[in-house]
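Take a look at the structure set out below.
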Amino acid sequence: MHLEIVSPEATLFSGEVDSVAVPGVNGDFEMLKDHAPIVSLLKEGFVKISGNISLDEEVQDKFTKGEKNTTLLKITSGTIEMKDNKVIVLAD
């Protein structure tokens with residue numbers, strides 16, 4: 001599935017991923033390929049990206065490497081939309 005992470009300053013990531021887990025306001029949840037369409041508000045926490053991804057040099061300092069081929073991005077709030085195997089995260 002395709003993931004885009006956009007902040008007020010720039011697009012932080014755009015590419016194919018295996019899954020993405022986010023801190024929803026009603027609890028954490030994870031989306032895989034063919035997940036049902038969803039729109040949700042996000043709270044402070046980490047966006048956890050699973051898959052072999054490459055980051056642009058200018059945004060690498062915003063991400064940290066996690067366990068087992070995961071990458072983490074700390075956010076304070078945001079929204080997420082998943083539709084037709086495309087995930088868009090608007091992150092603060």
Side-chain angles (χ1 to χ4, degrees):
M1 68 183 179
H2 188 81
L3 171 65
E4 276 188 36
I5 302 177
V6 182
S7 74
E9 298 86 31
T11 298
L12 301 178
F13 175 76
S14 180
E16 295 298 311
V17 300
D18 295 333
S19 70
V20 60
V22 293
V25 292
N26 294 321
D28 293 357
F29 63 96
E30 182 174 19
M31 288 159 292
L32 301 165
K33 185 178 181 205
D34 297 326
H35 192 285
I38 187 170
V39 175
S40 179
L41 294 174
L42 303 177
K43 64 179 182 179
E44 185 172 1
F46 288 94
V47 175
K48 183 178 176 182
I49 306 162
S50 295
N52 189 15
I53 67 167
S54 60
L55 299 168
D56 291 338
E57 256 185 59
E58 51 279 356
V59 298
Q60 283 182 353
D61 61 329
K62 297 184 183 304
F63 293 84
T64 56
K65 286 291 183 186
E67 301 174 354
K68 299 181 183 176
N69 208 23
T70 61
T71 305
L72 305 172
L73 171 67
K74 180 144 180 62
I75 63 169
T76 54
S77 65
T79 59
I80 187 167
E81 177 185 14
M82 167 118 185
K83 183 179 178 187
D84 299 327
N85 285 321
K86 182 173 182 181
V87 181
I88 301 172
V89 176
L90 304 175
D92 288 332

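If you take CD1 on Ile75 and CZ on Phe46, they are separated by 10.0 Å, rounding to the nearest 0.5 Å. We find the CD1-NE2 distance between Ile88 and His2 to be 8.5 Å, quoted to the nearest 0.5 Å. Once rounded to the nearest 0.5 Å, the distance linking OG of Ser19 with NZ of Lys48 reads 8.0 Å. Lys83 NZ to Ile38 CD1: the interatomic distance, rounded to the nearest 0.5 Å, is 14.0 Å. If you take CG on Leu41 and OG1 on Thr79, they are separated by 7.0 Å, rounding to the nearest 0.5 Å. Taking CE of Met31 as the start and CE of Met82 as the end, the distance is 7.0 Å to the nearest 0.5 Å.
Each of Val6, Ile80, Leu12, Leu73 was compared with Val89 under the side-chain contact (heavy atoms from CB on, under 4.5 Å) criterion, and only Ile80 meets it. The side-chain contact (heavy atoms from CB on, under 4.5 Å) test with Val17 is passed by exactly one of Val87, Asn52, Ile49, Thr70: Ile49.
Side chains of Asp92 and Ser77: a donor on one and an acceptor on the other come within 3.5 Å.
Every residue meeting the side chain to side chain contact (heavy atoms under 4.5 Å, CB included) condition with Glu44, not counting sequence neighbours, appears here in chain and number order: Lys74.
Smallest separation of non-hydrogen atoms from Gly51 and Asp18: CA-OD2, 3.4 Å. Shortest non-hydrogen contact noted between Lys65 and Ile53 is NZ-O, 4.4 Å. In plain terms, the two heavy atoms of Pro8 and Ala91 that are nearest each other are CD-O, 3.3 Å.
Val59 and Val47 fall within a single hydrophobic cluster, where Ile, Leu, Val, Met, Phe, Trp and Tyr side chains are chained together by heavy-atom contacts under 4.5 Å.
Looking at Pro23 and Phe29, their side chains never come closer than 4.5 Å, going by heavy atoms from C-beta outward. Two residues are said to be in side-chain contact when any heavy atoms from C-beta on lie closer than 4.5 Å; Thr71 and Phe13 fail this criterion. You'll find the side chain of Leu42 stays beyond 4.5 Å of the side chain of Val25, heavy atoms only.
With hydrogens and angles ignored, the 3.5 Å screen pairs a side-chain donor or acceptor of Gln60 with a backbone N or O of Leu55. Between the side chain of Ser7 and the backbone N or O of Glu9, at least one donor-acceptor pair lies under 3.5 Å.
Checked for salt-bridge contact, Glu4 and Lys86 meet the test: a charged N lies under 4.0 Å from a carboxylate O.
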Go through Met1 and Val20 one step at a time and tell me if the side chain to side chain contact (heavy atoms under 4.5 Å, CB included) criterion holds.
CA-CA 10 Å; Met1 68 183 179; Val20 60; 3.9 Å; yes
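No more than 12 heavy atoms of other residues, nucleotides or ligands sit less than 6.0 Å from atom CG of Asn26.
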